[in-house]
Amino acid sequence: MSEIKVEAIGVLVSFPLASFPKDLAGTKILYVTDDWLGGSEQLGFSKAAVHTVLVSNLKAADVVMTVSPFLSMQLDGLSSELKLTTPSPRVLPNGCPAPLSPARPESRHEPVVGVVGQLNERLDLNVLEAVRSTGVDIRVIGPRVEATRGYQSRMTAFLRSPNVSWFDAIPASKVPAELARLGVGLTPYADTAFNRASFPLKTLEYLAAGVAVVSTDLPSVRWLASDLIRVSSDPTLFAHLVTAALEEKDDEALNARRRKFASNHTWEHRADELLAILN
């Protein structure tokens with residue numbers, strides 16, 4: 001069997017405790033995907049270990065990328081504090097699948113608002129409870145992974161509400177069709193340092209399905225800078241925005257504009273951005 005020789009053009013590190021391999025050629029890219037330091041306990045890692053590896057990788061990196069603008073500012077601050085001569089971080093956010101065709105039957109929206117993803121302390125229950133109080137039908141899709149008893153109790157009460165349907169985890173292949181049935185998609189993230197540094201997948205995935213979006217105020221939402229996303233972190237106003245979006249006529253031209261916006265943020269586009277850096 002003949003040996004295949006491959007020369008690396010780049011090496012990308014995107015795990016909190018992974019270091020750049022030695023003696024491997026190519027552009028060294030550090031891709032920070034979350035607030036690894038601030039969220040180390042939440043992620044199950046030693047903060048001291050994460051700090052040591054992060055500083056070492058910052059020193060070695062040719063390119064530093066982050067998933068959000070807030071995270072870029074954090075790393076800039078860390079580099080300045082430690083007097084590191086590191087490249088200025090670039091933002092390479094999360095992406096979304098290619099939008100569904102409007103001709104598909106599952107692209108018909110229903111008069112229901114939805115939350116898709118893991119159910120844990122990252123979600124703002126004050127906001128969700130305010131939406132529940134409006135009486136709109138709410139569809140929740142995702143596994144429960146709460147860590148604290150108080151939050152678990154409140155989440156249980158929320159999911160048992162008469163106007164809330166919970167479907168737990170579903171196969172990834174079924175997610176696009178479920179998203180496309182929603183009338184409004186919610187990104188109800190709590191205002192925490194970890195969430196401010198994140199870039200929620202669900203926001204772009206709702207838009208890719210042609211669905212209206214209401215989100216709490218996050219740097220990632222501001223970075224997208226689109227009037228297609230209604231934004232508020234005030235529970236009462238958030239709930240008002242949800243009902244207003246749900247009452248709008250299902251306008252295919254507007255749905256198409258959402259899909260068009262998302263088409264500029266697909267994973268393929270993100271891959272092209274990464275390849276452009278390597279080339």
Side-chain angles (χ1 to χ4, degrees), residues 10-24 27-95 117-127 142-155 169 187-203 215-223 233 270 274 277:
V11 56
L12 185 146
V13 168
S14 60
F15 184 73
L17 297 179
S19 298
F20 284 110
K22 299 183 184 299
D23 304 322
L24 186 62
T27 303
K28 293 182 175 64
I29 300 176
L30 175 63
Y31 188 26
V32 182
T33 56
D34 275 308
D35 181 5
W36 292 342
L37 281 174
S40 54
E41 183 176 343
Q42 182 177 340
L43 295 168
F45 302 130
S46 159
K47 185 172 183 178
V50 171
H51 184 274
T52 298
V53 175
L54 179 59
V55 171
S56 175
N57 284 338
L58 283 170
K59 290 177 180 178
D62 299 310
V63 176
V64 177
M65 298 190 308
T66 70
V67 79
S68 73
F70 187 84
L71 204 45
S72 288
M73 289 190 296
Q74 279 190 328
L75 288 185
D76 263 339
L78 178 63
S79 294
S80 176
E81 177 187 340
L82 299 177
K83 295 182 171 55
L84 303 178
T85 55
T86 58
S88 181
R90 310 183 188 193
V91 177
L92 183 69
N94 287 325
Q118 292 190 346
L119 309 182
N120 57 27
E121 284 77 1
R122 297 188 68 184
L123 301 183
D124 188 337
L125 271 174
N126 292 325
V127 163
R144 295 185 62 174
V145 289
E146 308 100 311
T148 57
R149 186 170 299 176
Y151 192 92
Q152 288 173 347
S153 178
R154 285 182 67 188
M155 179 60 75
T187 306
Y189 275 31
D191 183 18
T192 66
F194 191 83
N195 282 344
R196 288 193 292 273
S198 71
F199 198 98
L201 292 165
K202 54 176 65 67
T203 301
S215 173
T216 47
D217 198 353
L218 299 167
S220 58
V221 173
R222 298 297 177 183
W223 184 88
S233 290
R270 300 294 187 245
L274 177 58
I277 292 171

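Positions are given from 1, in the same order as the sequence printed here.
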> Who are the salt bridge (charged side-chain N to carboxylate O under 4.0 Å, His left out) partners of E121, not counting sequence neighbours?
Replying inline: none
>> Going by the rule salt bridge (charged side-chain N to carboxylate O under 4.0 Å, His left out), which residues pair with R122 if we only count those two or more places apart in sequence or in a different chain?
In response: none
> Does Y151 reach the main-chain N or O of N120 with its side chain, forming a donor-acceptor pair under 3.5 Å?
Replying inline: yes
>> Taking P93's backbone N and O only, do any of them form a donor-acceptor pair with R270's side chain (distance below 3.5 Å, no angle check)?
In response: yes
Tabulate below the donor-acceptor pairs under 3.5 Å that side-chain atoms of residues 32-40 make, not counting sequence neighbours, or state none.
residue, atom, partner, partner atom, Å
D35, OD1, G38, N, 2.9
S40, OG, L37, O, 3.0

> Who passes ring-ring contact (aromatic ring centres under 6.0 Å, His included) against F15, sequence neighbours left out?
Replying inline: F45
> Who passes ring-ring contact (aromatic ring centres under 6.0 Å, His included) against F194, sequence neighbours left out?
Replying inline: none
Using the test side-chain contact (heavy atoms from CB on, under 4.5 Å), find all partners of [X] that sit at least two apart in sequence or belong to another chain.
{"X": "R222", "result": "D217, V231"}
{"X": "T85", "result": "none"}
{"X": "D124", "result": "N126, V127, A190"}
{"X": "S220", "result": "F199, P200, L218"}

> So which heavy atom on S79 is nearest to which on T86, and how close?
Replying inline: OG-OG1, 2.9 Å
>> Could you work out, with side-chain hydrogen bond (donor to acceptor under 3.5 Å, both in side chains) as the rule, every residue matching T203, not counting sequence neighbours?
In response: T187
For residues 62-78, which side-chain donor-acceptor pairs fall under 3.5 Å, sequence neighbours excluded?
residue, atom, partner, partner atom, Å
D62, OD2, K28, N, 2.8
T66, OG1, S68, O, 2.8
T66, OG1, S72, OG, 2.6
S68, OG, L71, N, 3.2
S68, OG, A197, O, 2.6

